[in-house]
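Heads up: the structure comes next, in structure tokens.
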Protein chains: 2
Amino acid sequence: MNGPAQTENHLTRNQSLVLDALSKSGGPLSAYSILDQLRDHGFRAPLQVYRALDKLLEFGMVHRLESLNAFVACRHPSCDDHETIAFTICDRCGQVAEISDDTVAARLQSLATDAGFALKSSTVELRGTCRKCQPSSCKMVQ
Amino acid sequence: MNGPAQTENHLTRNQSLVLDALSKSGGPLSAYSILDQLRDHGFRAPLQVYRALDKLLEFGMVHRLESLNAFVACRHPSCDDHETIAFTICDRCGQVAEISDDTVAARLQSLATDAGFALKSSTVELRGTCRKCQPSSCKMVQ
DNA sequence: TTGCACATGTTATACCATTACACAATGACA
DNA sequence: TGTCATTGTGTAATGGTATAACATGTGCAA
């Protein structure tokens with residue numbers, strides 16, 4: 001009844017459904033939120049979501065936000081570059097943006113190397129308030 | 001029976017117990033591990049741990065490792081500088097080290113500002129293998 | 001002494017993630 | 001064509017992390 005097993009360049013049905021849910025949401029979702037959204041499509045258990053997420057993370061099409069225990073669809077046009085990515089997370093509206101910066105990536109790599117640490121992956125998450133949620137606005141330039 | 005309410009520069013009994021447990025462990029502990037260690041001292045519920053941790057985090061005496069859902073005692077001699085701190089986390093032995101670097105901190109601040117993002121706090125966690133856990137060692141320079 | 005701020009104790013619950021087992025679909029290959 | 005390894009799926013049960021809600025206690029100040 002379900003589609004065929006996964007082949008290269010193709011997502012399985014469950015993976016597509018999870019990715020769609022994340023893409024349409026436009027923001028971070030918890031695994032259980034995704035599950036709730038996909039019950040109409042036959043999802044019944046958390047593991048169906050987590051397994052799809054594991055693959056999507058592996059493909060670099062989804063990112064995990066450690067400080068939120070949530071997931072977002074990758075915003076990069078083509079998810080080719082799996083570099084170090086930083087996220088800004090707005091504490092007011094929950095909006096998440098991706099920042100990719102070679103300077104930070106290189107410096108972190110350098111710091112790790114200096115410490116004799118073999119770096120495999122980095123988590124960089126910035127908490128604060130996004131432009132739209134700034135408390136006072138319309139500041140005139142003096 | 002318990003000590004007095006918290007005053008400046010003093011930790012309450014529960015806060016001291018939690019900090020001691022973290023300090024003695026020398027590595028990251030989950031809140032529930034701390035709870036188990038402190039049952040002999042009268043701890044019965046997770047909230048007793050989480051409330052103490054909240055304060056210790058506020059005081060900068062403890063750090064939270066988002067990617068581990070765990071906590072560590074701050075290693076800085078005096079916990080005066082609450083700057084951006086990066087952590088290296090060894091995937092093999094679990095060892096955690098703190099790195100403080102102005103270059104990364106400044107660059108992250110700059111990136112946030114450029115994006116109109118009011119930065120409040122940063123999470124930087126590096127995953128990999130520590131010096132002691134490197135797979136092959138004693139590599140000769142060619 | 002009344003009220004406030006804060007720390008505490010307890011129960012219950014919500015939220016996040018994985019283990020274990022059974023089954024189905026696919027592709028490689030003899 | 002049949003066998004086998006691999007991978008994806010479905011389900012139930014469990015384990016791990018964190019907070020809500022409510023009651024009590026203690027020190028301090030008006």
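Just so we're on the same page: letters track the sequence lines, and every chain starts at 1.
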Validation row: B:V62, B:V72 side chains within 4.5 angstrom (heavy atoms): no
Mind checking whether B:F117 and B:V104 sit in one hydrophobic cluster, side chains of I, L, V, M, F, W, Y counted as touching below 4.5 Å? yes
Within the 4.0 Å heavy-atom criterion, would you say A:R44 contacts the bases, only the backbone, or no part of the nucleic acid?
sugar-phosphate
Taken to the nearest whole Å, NE2/A:H10 to P/D:dG8 is 14 Å
- B:T12 vs C:dT8: side-chain N/O to OP1/OP2 distance below 4.0 Å: yes
- More than 12 foreign heavy atoms under 6.0 Å from NZ of A:K120: is that the case here? yes
> Between B:S67 and B:R127, do the side chains contain an N or O donor and an N or O acceptor separated by less than 3.5 Å?
Replying inline: yes
Whole-Å distance, B:R51 CZ to C:dA7 P, equals 10 Å
Practice task
Go through the steps to decide whether A:L126 and A:I89 satisfy the test side-chain contact (heavy atoms from CB on, under 4.5 Å), and finish with yes or no.
Solution key: CA-CA 6 Å; A:L126 309 181; A:I89 302 170; over 6 Å; no
Here the distance between atom P of C:dT10 and atom CG of B:L35, to the nearest Å, is 12 Å
Verify the distance criterion only: is there a donor paired with an acceptor across the side chains of B:S33 and B:S30 at less than 3.5 Å?
yes
Whole-Å distance, A:Q48 CD to C:dA24 P, equals 16 Å
Closest to the side chain of B:N14, out of C:dG9, D:dG10, C:dA7, is C:dG9
Taken to the nearest whole Å, CD/B:Q15 to C1'/C:dC6 is 11 Å
From CD of A:E58 across to P of D:dG8 the rounded distance in Å is 8 Å
Residues at least two apart in sequence or cross-chain that pass ring-ring contact (aromatic ring centres under 6.0 Å, His included) with B:F87, listed by chain then number, are B:H63
A correct 5'-to-3' footprint of nucleotides 12-18 of chain C, with B, S and - meaning base, sugar-phosphate only and no protein heavy atom under 4.0 Å, is ----BBB
Rounded to whole Å, the CZ-P distance (B:R13 to C:dA7) equals 16 Å
In whole angstroms, the gap separating P of C:dT8 from CG of B:L11 amounts to 10 Å
